[in-house]
Number of protein chains: 2
Amino acid sequence: MSAARQPGKSAAPLVSERRDEILALASKIFADKGYASTTVREIADAAGILSGSLYHHFASKEAMLDEIMHGFLDHIVEQYRGTVAAGGDPIDVLRALIREAFSSLGGNPAALAVMINEFNFLVQFPRFAYLRDGAEETERLWTGVIEAGMRTGVFRSDIDARMIYRFMRDTIWISVRWYRPEGKYSPEEIADFYVAMLLDGLATGGSTDQGVRREQE
Amino acid sequence: MSAARQPGKSAAPLVSERRDEILALASKIFADKGYASTTVREIADAAGILSGSLYHHFASKEAMLDEIMHGFLDHIVEQYRGTVAAGGDPIDVLRALIREAFSSLGGNPAALAVMINEFNFLVQFPRFAYLRDGAEETERLWTGVIEAGMRTGVFRSDIDARMIYRFMRDTIWISVRWYRPEGKYSPEEIADFYVAMLLDGLATGGSTDQGVRREQE
DNA sequence: GACGCGACCAAGCGCGCGCTAGGTTGGGTC
DNA sequence: GACCCAACCTAGCGCGCGCTTGGTCGCGTC
């Protein structure tokens, strides 16, 4: 029961091209069918091996998911940190954050899809508690930029900053459900459309009421 | 093998209070854990009966899901149809559609959650092909309103109407993942915040560039 | 040419799943 | 009091799941 001394003794070698290949295949299947509906036999089939052979590379099906989530989250949070730390006009910082978020579409859409599809379910398990930490740090970073813009007056301040963040986050990330690489627009173009709509709104004239109406229906 | 003549012979009576009760319980569990991760034993436990007894009310686990989805979709599409048919200023029609969509949060959040969580996976199966029909009709209705507004000039027309629709649809529906009935804002208030942000934008001044910038980064 | 090792195969175990078939109960009806 | 029927129980079947164990193969090293 004591831990083995040999570094390579475990059934899960930590680096390997083949390993990355299998993980990419698993991401795609998890994204398409959902984690629970995916069988290890399907993953093995896609990789051209038998299901048991997967366990040479990974300790469990859950470990594959864990690695996908960790990889995605660590990378994107790191990006957000850098962008916010660089500072600048809140409008420009927010624009940069939005572009980074959308660029996940081009980079690793399968991992992004798995993240948004499975987040709510997984976050309740101790093993995946780090998902909550990452989500909270992201929320702090983005909300901080929005609030900074409210203070300097470039953003309207009659709407809750956290709600604005949620609207943005959801709109951006869930676009992975309809985005197609072969489609009409690139992630960068979609990001610019979104920024344009977010900042200046859909309406053209001053015909709509500024400020939120709070009366009951 | 010939069809039984008696109307109540089938294992699935079509109306029953108990049936509705069980279906509501199933919706909640499906929403929390995902359809695939939910077992019939869990549903039965929640209802205080044994798993086999579920099959007195429903033909299968899939049939429960089917009924939840159909009930939700039929109702909401019917609403959209009526609102669009009533006509009016595109801004007002769009506002009404958005409020109706958000009001699903208060009405049947579990069914809404199941819908957005399972849609992409289920739509590929013949049994759930009607989901695509409902989604397409909804898209036609909403997009039609947006395009009408573009023609009359109340909406900006430099962004693809279908993309605007997608941004809106996903943002509204996925709010079920963070909306809490006991929270700070009601679905109606959230809807008004969203409409305000959507129509007039987040920026206060004329400092941002109107129109979409298309240069590469 | 013996050895180590990463990659995979062969075979199958045990568990929990969706679902089934027949039986029991208790309130309602005539 | 005989009958009906919705609601639920009892008991368990068969399948496919994640995962395990021991073995095979081929390449690189000395």
Side-chain angles (χ1 to χ4, degrees), chain A residues 1 4-26 29-30 32-68 114 118 121-122 125 127-128, chain B residues 1 4-26 29-30 32-68 114 118 121-122 125 127-128:
Chain A
M1 277 299 166
R5 200 61 49 89
Q6 308 93 312
K9 182 64 196 307
S10 134
L14 287 177
V15 283
S16 147
E17 266 188 39
R18 185 66 172 131
R19 192 185 154 82
D20 294 344
E21 209 173 313
I22 294 173
L23 212 53
L25 291 168
I29 305 177
F30 287 160
D32 289 346
K33 309 195 50 180
Y35 172 73
S37 299
T38 300
T39 71
V40 294
R41 283 167 179 82
E42 285 172 320
I43 301 171
D45 280 354
I49 59 178
L50 292 182
S51 67
S53 305
L54 282 177
Y55 292 80
H56 170 69
H57 300 281
F58 304 96
S60 66
K61 180 188 170 190
E62 194 177 281
M64 297 188 216
L65 179 62
D66 193 36
E67 210 161 310
I68 293 168
V114 174
E118 316 288 347
F121 179 54
L122 293 177
F125 303 110
R127 171 163 204 174
F128 292 96
Chain B
M1 276 296 167
R5 200 61 50 90
Q6 307 94 311
K9 183 64 197 307
S10 136
L14 287 177
V15 283
S16 147
E17 266 187 41
R18 186 65 172 130
R19 190 184 155 84
D20 293 346
E21 209 174 314
I22 295 173
L23 212 53
L25 291 168
I29 306 177
F30 286 160
D32 288 345
K33 310 195 47 178
Y35 172 73
S37 297
T38 300
T39 71
V40 293
R41 283 169 179 81
E42 286 172 320
I43 301 171
D45 279 355
I49 58 178
L50 292 182
S51 67
S53 305
L54 282 178
Y55 291 80
H56 170 70
H57 299 281
F58 303 96
S60 67
K61 180 187 171 191
E62 194 177 282
M64 296 187 216
L65 179 62
D66 193 36
E67 210 161 311
I68 294 167
V114 174
E118 316 289 347
F121 178 55
L122 293 177
F125 303 110
R127 171 163 203 171
F128 292 96

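Predicted, not measured: the structure shown is a model, and the values here were computed from it.
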A:His56 vs C:dC9: side-chain N/O to OP1/OP2 distance below 4.0 Å | no

Compare the minimum distances between each of D:dC17, C:dC8, C:dG18 and the side chain of A:Arg18, then state the nucleotide with the smallest one.
-> C:dC8

When the distance from CD of A:Glu42 to P of D:dC19 is rounded to whole Å, what number comes out?
-> 15 Å

Output yes when at least one side-chain N/O atom of B:Ser53 is less than 4.0 Å from OP1 or OP2 of D:dA7, else no.
-> no

Gap between atoms CE and P, on A:Met64 and D:dC17 respectively (whole Å) | 14 Å

Within a strict 4.5 Å, meaning less than it, do heavy atoms of the B:Glu42 and B:Asp32 side chains meet?
-> no

Using only side-chain N and O atoms of A:His57, determine if any of them is under 4.0 Å from OP1 or OP2 of C:dC8.
-> yes

Identify which nucleotide among D:dC19, C:dT20, D:dT10 has an atom closest to any side-chain atom of B:Leu50, counting heavy atoms from C-beta outward.
-> D:dT10

A:Leu122 backbone acceptor or donor facing A:Tyr35 side chain under 3.5 Å = no

Side chains of B:Phe128 and B:Glu118 in contact at under 4.5 Å (non-hydrogen atoms) = no

When only distance counts, do a donor and an acceptor, one from the side chain of B:Arg41 and one from the base of C:dG18, lie under 3.5 Å apart?
-> yes

Answer yes or no: side-chain N or O of A:Ser51 and base N or O of D:dC19 forming a donor-acceptor pair under 3.5 Å.
-> yes

Min side-chain heavy-atom separation A:Tyr55-A:Val40 under 4.5 Å | yes

How long is the line joining CD1 of A:Ile43 and P of D:dG16, in whole Å?
-> 18 Å

Considering only heavy side-chain atoms of B:Ile49, the closest of D:dC19, D:dC17, D:dC8 is D:dC8

Quick one: B:Glu17 CD to C:dG27 P, roughly how many Å, whole number?
-> 17 Å

Assess whether side-chain contact (heavy atoms from CB on, under 4.5 Å) is satisfied between B:Ile43 and B:Met64, documenting all intermediate values.
-> CA-CA 11 Å; B:Ile43 301 171; B:Met64 296 187 216; 4.1 Å; yes

From CZ of B:Phe58 across to P of D:dA6 the rounded distance in Å is 15 Å

Sugar-phosphate only, base, or nothing, as touched by B:Ser37 at under 4.0 Å among non-hydrogen atoms = nothing

Considering only D:dG18, D:dC8, C:dC19, which nucleotide approaches the side chain of B:Tyr55 most closely?
-> C:dC19

